Each structure stands twice: as structure tokens, then as C-alpha cells.
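Here the structure is a predicted model, which is why all the values come from computation and not from measurement. The first residue of the sequence shown is numbered 1, and numbering continues consecutively from there. First listed ligand is number 1; within each ligand, the first listed atom is number 1.
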Amino acid sequence: MSISQSLRLAFFALAGAALWGQPIGTIQNPSGRQSLSLNGPWQILIDPYEAGYYDFHLNPIRDGGLGAGREPAGKSDKFELAFLPNTPTLQVPGDWNTQRPDLLWYEGTIWYRRTFDAPAGAPAGAAAHPGNRQFLWFGAANYQAIVFLNGKKLGQHEGGFTPLQFEVTGQLREHGNALIVKVDDRRYPDAVPPTMTDWWNYGGLTRDVKLLDMPATFIQDYFVQLEKGSRNRVAGWVRLDGAGQRQRVTVSIPEAGASATVATDDNGYATFAFPANLTLWSPESPKLYQVSLAAGTDRVSESIGFRSIQTAGSKILLNGNPVFLRGVSMHGEAPFRAGRVFSEADARILLGWAKELGCNFVRLAHYPHDEAMTRLADQMGLLVWSEVPVYWAVQWENPATYAKAEHMLAENIARDKNRTSIVLWSVANETPLSEPRTKFLSSLAAKVRQLDPTRLVTAATLPHTVENTTTIDDPLGQYLDVLGLNEYVGWYDGAPAKADAMQFRTTYDKPLVMSEFGAEAPFGNHGDEDTAWTEEYQANVYRHQLPMLQRIPFLSGMSAWALVDFRCPRRFLTGIQDYYNRKGLLSDRGEKKEAWFLLRDFYGAMGAAAGAVAKR
Ligand code: GCU
């Protein structure tokens, strides 16, 4: 690393540390812990002027305003910043946009309030287990959240797609705890993503909320995977949180008869490595093992698969064998009801369709999806491209923006580092060439390698095309393991037949994944194949794209844009788009367009050929 790079990283790290209201380090695997679910109806107050937080001179209200949870004290009390028994509710988890028609377009602040009891003996009950610690955990809150408990401000978080949590030990009452969250989903120029995106800005408490009950010293975080470059050794680390951090920790994989016991250091940290005879995970056989960690009174376990992922020249190697990524891209948007995905049921529909399409790979665009999605991809055998919303026109020279991006990346990796299915961490999508941009993104790439040296780093770049030749020469490529390219030959770039003459060259001896290609057509809109917006035109684009992609010698994967039509505020062609991006192979009601069958058959043949090779 050059001097200037280390200086720049130190500068960004400093900026990072100053980031607004840091929550505590991520608690790994919250769904495997003792907890009280706080999902359900929450009271809400819509506050476009943020009058619940700022006074009329825009000074923050000293006691937190609505966050203080004060109630009118009597009939003559004119106090107005209050939730009342008849205050309306919305469901959590859930975006607010699809729960009420008047909120579909709403961008601003909404206050959420939920009361709950934590009686002794109840999971996570106050004084439930003397000495235990309690944490409030939110799967996500889009975009900025300020959290109050019993009138006290716990902290804040920025970023709409990664968890936030706060320790509340000693702050809980047996009965009538008031949890209030100010959620602001407005778009800001210095934010990540910035103000212009191509997806719906769903706001709210969009994922599960839990009260976690942890032993005084608990297993806060761990990383368990195959040792880099090996097939039969497991390696990783574990971190304890609490007074008794110097402890013995046992990591075991009972089904494989493998385990190791290690002692943590003064910071509660220990690494481990031990031999294990394992069936490796792959899309064809997504073998998962129950992995358990035990330290003192704490135990946690979860299903983890073991596989290695590397590159060799322009090949991607899964468990040492070349693999071609047959993929599709998707948003975290639930089909039929629209709105943000927040459950395994939602995820199962989307990933089930990807499987039906013949995919062994999905690109989860353009932000960390709900954990249910990546856990299900582990089970269903789908390789995953995971991305942070460093998308289009980000403020590359703004240290605060860099700090936000780096923090979201760290939170994403922290949450999903044990997800076998994830093989690619993407640091950006379609970002304009400039030196500050490449500096920004190369720092993010370095951060990925620091946090997780076991996976591949990528980004979706824009084509550098002159007439019929596209050259893969984005300077960012030198910092990536795999190049991603979004090309729209036949849609934004020329007529479908242009693909027949296209040439692709690369300046890198690295794999290319065509991370986006496609065309738009609402389901049921028919005409001849030269008529734009018809299924026939969309299919014709695919008919020319697929042979073009097959001609690219260094192509190791592809993900069509997109699996399903999705809501988008910048797509307003009346009677055609109606605020949906119609590049789905399926309508938002799961109806199959003509292009679906083309790609399904193409992947079917490819999968069969790959299967035949694997058998040999
Ligand atoms: C881009 C972008 C997507 C967008 C797509 C489109 O490539 O990455 O987010 O939806 O193009 O234009 O449909």
C-alpha cells in the first residue's frame, strides 16, 4: 500500500470514527439468540416538518421532543408532542409506502412508537436473568433513525439496509417500556445512495425488531469458513463481549466430528483453525452444517456451508473448479404486494423464480437485502452478489460520504460474512469515471479485503464503447477480483441486432460478469419485434444478446436485468411504465414474458452442459 493510500485511509478512517451516532458492534446471528419480538402494529405520527424534533427556530428540542414520550398531564395540559391512544398504526416490519395509499409517495419523517413489557422470567424480561444484558436490534430502518427508550435517546443510525442495535441493560422497566423511533427517509446529496436512483425509496422500519437477552459475557461475533486455499480445514475467529472476556470457546461441527477449543485474549478475541472432513457447498449440492460456538453460559449455533471461491485468470473457481454464473438481478421488492421484502416467504418466491429460470447465481441489487434472502440462498444453492448502494452520482470527494459508504460496507460484511452463498462483495454500481471516484472505490475495495479476505471484490461498471467495440479498461479494475459490466446493447444502445456485431476486449486478465443487460416491456403488450415496449421487442433483445455474450472469451457470469418489474419514481410512461421499471422477465404479478422462456431455455442448456462436464 502506497504512502498516499495509507494517509488517505487514515484520513477516511478518522472521518469514519466521527460518523454520526455509532451503534455498537454487530451482534452476529440475532435470530439464533434469546429474544422478544417487537414486530406488530406500531403507532405512527407523520411529521414532514420534523416538528417533533426541532422547535420553530429549528433548534433540536432539548428533551427530544416526541422522543421524550411525554403524554398530556391532564385536561388543561396543552402539550401536543404526544402519541395518544387513538394514534394510528402501521405494521412493523414493513415500509410505510405500501401500507397506506397516502404514504405511497411520502418522503420525510415518521415517528414510530411501541410499548412493551419485559417482565421477569419472560425472554429478555427485565431482570429476567440477573446479570444478563439486553439489546434493542433493528434489521433496518430507511434511511436515518433516532432511537429513544423510555424518553432517553439511545443513539442514531444512517443507512437503510443494515442492522442497528443499542444496549439497554438497566434501562428496561418490567411494564410499559416506550420505544420511539424517528425515521427519516429523505434523500440527501451526501448520502449513500445519493438523491437519484432507479428504485422506490421505501421508508420505515422495514425489517424485524427484537429485544435480545444476552448473558453478561456473550459471543458477540464470529466468522467460520474454510481456511483460504484449503478444502479440509476450517478457520475463523470469535469475539466475546462482556467483563469475562478471557474465556475458553469451543467451536464444533458435530456432524463432521470436528471441533476446537481456544482461549480468548484480553479483548475477548481468538482465532481458530482445525481439520474437518466436509462435503463442500455448491449450487448443485448446497450442503449446510450446524456449527455451534460455546463460551461460559453462552451458546449460539447456525447452519453454515463450506466452499472456496477464487479466480484464475478469467475463470471463477468454486471449490477449485471453473463455474459459470447463470444469473439474474433483483431488487428487495416483494412481488404481488410490492413493498420491501422482509420475510422468508417473500424471499422464497423470488429465489424460487430464479431457480425456475435455471439460475445458479443472483445479483441482489443495489443494497444489502433482508437476511432472510441470503440465508435462503444458502439453503437453495444460489451464489450471491451482495452490494452496497454506492450508486451513480455519489459525492466522491466528501469524507463524510466516504465514511458512510465504508460503514455500510462494514455492516453488510459483518452481518452476512457467514453466508456461504455470498461469493462477491460489490462496492459500487455504474459510477462515473474520475480520479476521486476511483480513489473512493479502491479504498472500499481495500476495506473489503481487510474485513473478509475469503471472498471476491467486484463492482458494476459502465461500458467504454467505440462503435461496436467495448473495451473493459475501467481503472477501477486493477483493484477488483472480478469486473462487472452493465450493458444495454439493443435498448439504450442501438437496435437489438447491434449485438451481432459487438466485440468485447479487456485490459485485465480477470473474469468478467455481465452484471446487467435487458430491455423493457409490460407483460401482455404485444406487437412486432421492432416495436419498442412489446414483449416481442424485449425477447428480440435477448435473442441477440445471448449469442453475443457466448462469444466473450473472458465472460464467467451474467445476471439479466431484471427478474421482476419493480416500482420506480423515474419511470412514468403512461400505460406502459406507470412508475414501474418494466425490464423484468416477470411482471410484478409473476406473469412470464416471452423473454423469460428464452433465458430459461438458454440457462437450462448451459446447466445441463455444466452438469455433464462435472460428471466426467
Ligand atoms: C442501470 C441501473 C439499474 C437500472 C437499470 C435500468 O443499469 O444499474 O439500477 O434500473 O439501469 O435502466 O433499467
Side-chain angles (χ1 to χ4, degrees), residues 160-161 187 191-202 327-333 335 338 340-341 350 362-369 385-394 405 424 426-433 437 441 458-465 470 472 474 476 482-494 496 499 512-523 525 532-533 535 537-538 541-542 545 549 557-573 576-588 593 595-596 599:
F161 303 101
R187 291 165 289 118
V192 179
T195 49
M196 176 74 85
T197 73
D198 199 47
W199 67 81
W200 205 268
N201 182 26
Y202 291 111
V328 72
S329 300
M330 63 180 79
H331 271 286
E333 188 173 283
R340 277 276 164 253
V341 162
L350 292 168
V362 289
R363 176 179 177 216
L364 303 182
H366 295 289
Y367 37 77
H369 285 216
W385 163 308
S386 172
E387 187 161 286
V388 283
V390 178
Y391 181 95
W392 289 352
V394 165
L424 289 155
S426 169
V427 296
N429 179 75
E430 292 195 351
T431 49
L433 290 188
R437 165 262 192 188
L441 297 180
T458 190
T461 62
L462 288 164
H464 170 205
T465 302
T470 294
I472 316 293
D474 186 319
L476 178 62
V482 172
L483 277 292
L485 182 71
N486 296 358
E487 55 82 14
Y488 282 93
V489 175
W491 188 253
Y492 297 124
D493 176 9
L512 173 71
V513 169
M514 205 60 87
S515 35
E516 288 183 32
F517 60 95
E520 278 194 63
F523 173 75
N525 190 31
W533 309 105
E535 285 193 42
Y537 187 103
Q538 184 191 42
V541 168
Y542 277 78
Q545 274 280 328
L549 295 170
M558 51 202 273
S559 72
W561 189 267
L563 177 66
V564 187
D565 291 354
F566 56 93
R567 272 186 200 278
C568 178
R570 50 193 294 280
R571 306 284 174 175
F572 28 60
L573 213 51
I576 290 183
Q577 294 176 312
D578 296 324
Y579 298 102
Y580 273 82
N581 181 314
R582 300 288 184 190
K583 291 196 182 70
L585 292 159
L586 301 165
S587 74
D588 57 302
K593 304 177 190 177
W596 161 278
L599 189 59

### Query
Can you list, by chain and residue number, every protein residue with a non-hydrogen atom closer than 4.0 Å to ligand 1?
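Within 4.0 Å of ligand 1, protein side: Asp198, His366, Tyr391, Asn429, Glu430, Asn486, Tyr488, Tyr492, Glu516, Trp561, Phe566, Arg571, Asn581, Lys583.
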### Query
Does Lys593 make a cation-pi contact with Tyr542, if we ask for NZ or CZ under 6.0 Å from the ring centre and within 45° of the axis?
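No, a cation-pi geometry is absent between Lys593 and Tyr542.
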### Task
Step by step, work out the side chain to side chain contact (heavy atoms under 4.5 Å, CB included) result for Cys568 and Asp198.
CA-CA 6 Å; Cys568 178; Asp198 199 47; 3.0 Å; yes
### With sequence neighbours excluded, residues passing salt bridge (charged side-chain N to carboxylate O under 4.0 Å, His left out) with Asp493
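For Asp493 the salt bridge (charged side-chain N to carboxylate O under 4.0 Å, His left out) partners, ignoring immediate neighbours, are Lys498.
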### Under the salt bridge (charged side-chain N to carboxylate O under 4.0 Å, His left out) test, residues paired with Glu516 that sit two or more places apart
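Testing Glu516 for salt bridge (charged side-chain N to carboxylate O under 4.0 Å, His left out), a comparison that skips the adjacent residues, returns Arg363.
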### Query
Does any donor atom in the side chain of Asp565 or Ser587 lie under 3.5 Å from an acceptor atom in the other side chain?
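Short answer, no.
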### Task
State which residues pass ring-ring contact (aromatic ring centres under 6.0 Å, His included) with Trp561; sequence neighbours excluded, sorted by chain then number.
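Partners of Trp561 under the ring-ring contact (aromatic ring centres under 6.0 Å, His included) test: His331, His366, Phe566.
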